[in-house]
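Below is one structure, written out as C-alpha cells; comments come after it.
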Amino acid sequence: MPNEDQLRMKIAVAHCPGLEALAGHIRSFGQILTRREGHLTQEWIAAVRADDLSGLHSFANGLERDLAAVVAGLSTPWNSGVDEGHVNRIKTMSSSRGRHSPRLSRNRT
C-alpha cells in the first residue's frame, strides 16, 4: 500500500476503533488466501465472531455453509479460472446473440 494510503488508513482507524479490528481481520484472511492456509479458516471465523462486526459475521456465516469446500479451496494451488472464463465467454455470446443463435450453436459443437 502506498505511503499516502497508509497515512489515510491510520487516520481513519484512529477515528473509528471498529475499523482497526476490521482491517486486522481482512489482513489475516488475506494471509490465509495467499499462503494457502485453509486450515486456519475456523480460527479466523472464531476471531471474527468475537468482534461486533456484522458485515464480517455475514461473510463468516457464508464460509461456514460449506466449510469443507472453503478449506479445500484455500489450501490447494488449483483454480477454475480458465473454465470460468470460458463459461463467461459463452454466456456473453449467448446473451448478445439470443439464446438460440445458429452461429452460437455451430461454435459450441
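In this chain, residues are counted from 1 in sequence order. From a predicted model like this one, the values you see are computed outputs, not experimental measurements.
Side-chain contact annotation: Arg49 with Asn61, donor-acceptor N/O pair under 3.5 Å present.
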Stepwise side chain to side chain contact (heavy atoms under 4.5 Å, CB included) check, Ile45 with Glu64: CA-CA 8 Å; Ile45 291 171; Glu64 281 189 323; 3.7 Å; yes
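A distance of 11.0 Å separates NE2 in His39 from CG in Leu74, rounded to the nearest 0.5 Å. We find the CD-CD distance between Glu43 and Glu37 to be 10.0 Å, quoted to the nearest 0.5 Å.
For Asp5, the CG atom sits in a packed shell: over 12 heavy atoms of surrounding residues, nucleotides or ligands are nearer than 6.0 Å. Shown here is Gln6, whose CD atom has more than 12 heavy atoms of other residues, nucleotides or ligands within 6.0 Å.
With hydrogens and angles disregarded, a donor-acceptor distance shorter than 3.5 Å links the side chain of His57 to the backbone of Val48. No side-chain donor-acceptor contact under 3.5 Å links Ser58 to the backbone of Gly55.
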Donor-acceptor contacts under 3.5 Å from residues 22-33 side chains, at least two apart:
from: His25; atom 1: NE2; to: Asp51; atom 2: OD2; distance (Å): 2.6
from: Ser28; atom 1: OG; to: Gly24; atom 2: O; distance (Å): 3.3
from: Ser28; atom 1: OG; to: His25; atom 2: O; distance (Å): 3.0
from: Ser28; atom 1: OG; to: Trp44; atom 2: NE1; distance (Å): 3.1

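The minimum heavy-atom distance linking Thr41 with Gly38 is given by the pair OG1-O, 2.6 Å.
Each of Leu7 and Met9 belongs to its own hydrophobic cluster when Ile, Leu, Val, Met, Phe, Trp and Tyr are linked at side-chain heavy-atom distances under 4.5 angstrom.
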